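Below, chains carry the letters A, B, ... as their sequence lines are ordered, and counting in each starts from 1. For clarity, every value in this text was computed on a predicted model and none was experimentally measured.
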Number of protein chains: 2
Amino acid sequence: MKQDAIAKAFDAFLRKRSLKLTAQRRTILERAFATHEHFSAEQLYRWLASESTAKVSRATVYRTLALLQEGEFIAALDVGRGELLYEHVLGHRHHDHMICLDCGKIEEFHDSRIEALQNGICADKGFELVNHTHRLLGYCRACAGQRRKDAKAGTPASKPPAHKTPAAAGRADQSGA
Amino acid sequence: MKQDAIAKAFDAFLRKRSLKLTAQRRTILERAFATHEHFSAEQLYRWLASESTAKVSRATVYRTLALLQEGEFIAALDVGRGELLYEHVLGHRHHDHMICLDCGKIEEFHDSRIEALQNGICADKGFELVNHTHRLLGYCRACAGQRRKDAKAGTPASKPPAHKTPAAAGRADQSGA
DNA sequence: TTTACTGCAAATTCTTTGCAACAAC
DNA sequence: GTTGTTGCAAAGAATTTGCAGTAAA
């Protein structure tokens, strides 16, 4: 889906709710759809601060991301690091995520057999499914290989994930409960 | 699994890491295993504050919950309300969750066919699975029924979830991304 | 006695909000 | 002109942390 169509859809969405299409909203929409990575609010804010001439405040970034989420232009993903990541979804097929606990890499997967089973479960319980998140946490091929090597070489402990705030560590551990 | 066996396991866990079994830790462990509901750190803190004679500080509650999580005595679950909920897992079979967006009710489900498919996907990608979370968000039977009734009666908007902080609303919306 | 633990209050992190100035429509 | 928006800085919420005193082992 190209920027143009997206912009139009956003405009329509805003119009439907009697909201206004401002320069900031346009900027944020464009930047969000210009990347194919997952990004955080802070990340997007910094991109705009450094790349763009027009500056947008953090507050507006948060407010607009919320709006884009409501309109299902983007979706939020909690990778367990204390902050939410976003990805654009308009024009993309639904998928779920495999998250590497070491390097943070996110791979996407989709399996319609799983989704079918999921629907069956909901039907059985009379549960009206709105959406779902299915996260697989573990080590990507590269990191898994490295860890095996380290283990053999006698580096017993795993190095701490090269990531974010220690504060977020706990949240990451949402062990498949 | 009974309290006694659990206490023993905790003791062993602590001993293995040269940590000490304190009165506070014992109190927290017991209370966490005495409930069959999902609870937050704050909830547990308040339970202890009101029910128990020995008072435990919030900081210790957080610290001990983290410890119990590491030892896989309990697991954390993010229901998208800005705080983590915990449930004890020691001696319980793994399961996933269906979360009602209206009343907050949590139902558990388990489907080994899904887990098998999941493992297959990981094998294909060389992903070493450590754990997973599979959350189904929607409306439980009771709330779904109520909503249908409201809709017919001409109560077009959905009442706001009778829950927590508005701040958490955004996080809840992690639309199946 | 040594080493770890606790409570307190202050600090952090991400995110939201009140409000006055401002810009779409 | 209206009505919705922005930016700022202050407010929040959940959780963590430094430190001095306390208690297991």
Does [X] place a side-chain N or O at less than 4.0 Å from the phosphate oxygens OP1/OP2 of [N]?
X: B/R81; N: D/dA14; answer: no
X: B/Y62; N: D/dT15; answer: yes
X: A/R58; N: C/dT15; answer: no
X: A/T60; N: D/dG7; answer: yes

Test side-chain contact (heavy atoms from CB on, under 4.5 Å) applied to B/H38 and B/H97, B/H88, B/Q43, the passing residue: B/H97
In whole angstrom, what separates [X]'s [atom1] from [N]'s [atom2]?
X: A/L44; N: C/dT15; atom1: CG; atom2: C1'; value: 15 Å
X: A/R25; N: D/dT6; atom1: CZ; atom2: C1'; value: 9 Å
X: A/L84; N: C/dT13; atom1: CG; atom2: C1'; value: 13 Å
X: B/R46; N: D/dA13; atom1: CZ; atom2: C1'; value: 13 Å
X: A/L65; N: C/dT15; atom1: CG; atom2: P; value: 9 Å
X: A/Y45; N: D/dG7; atom1: OH; atom2: P; value: 9 Å
X: A/L67; N: C/dT17; atom1: CG; atom2: P; value: 14 Å
X: B/R26; N: C/dT6; atom1: CZ; atom2: P; value: 11 Å

Touch class at under 4.0 angstrom, heavy-atom based, for B/S40 against every strand present: nothing
Annotated protein contacts, base or backbone, on nucleotides 19-25 of chain D with a non-hydrogen cut-off under 4.0 Å, one of B, S, - each: -----BS
Show the atom names and distances, to 0.1 Å, of all donor-acceptor pairs under 3.5 Å that link a side chain in residues 115-123 of chain A to residues at least two apart or in another chain.
residue, atom, partner, partner atom, Å
A/E115, OE2, A/H94, NE2, 3.2
A/E115, OE2, A/H132, NE2, 3.3
A/Q118, OE1, B/H134, NE2, 2.6
A/Q118, NE2, A/H132, ND1, 3.3
A/N119, ND2, A/E115, O, 3.4

Residue A/E83, side-chain atoms from C-beta onward, closest of C/dT15, C/dC5, D/dT5: C/dT15
Minimum heavy-atom distance B/A41-B/V61, with the two atoms named: O-CG1, 3.7 Å
ILVMFWY cluster membership beyond B/Y62 - transitive side-chain contacts under 4.5 angstrom: none
Earlier contact from the 5' end, DNA chain D, for A/A59 and A/S18: A/S18
B/Y139 and A/F127 aromatic centres sub-6.0 Å: no
Check: B/T64/B/R25 side-chain N/O donor and acceptor closer than 3.5 Å: no
Short N-O contact, A/K2 and A/D4, less than 4.0 angstrom: no
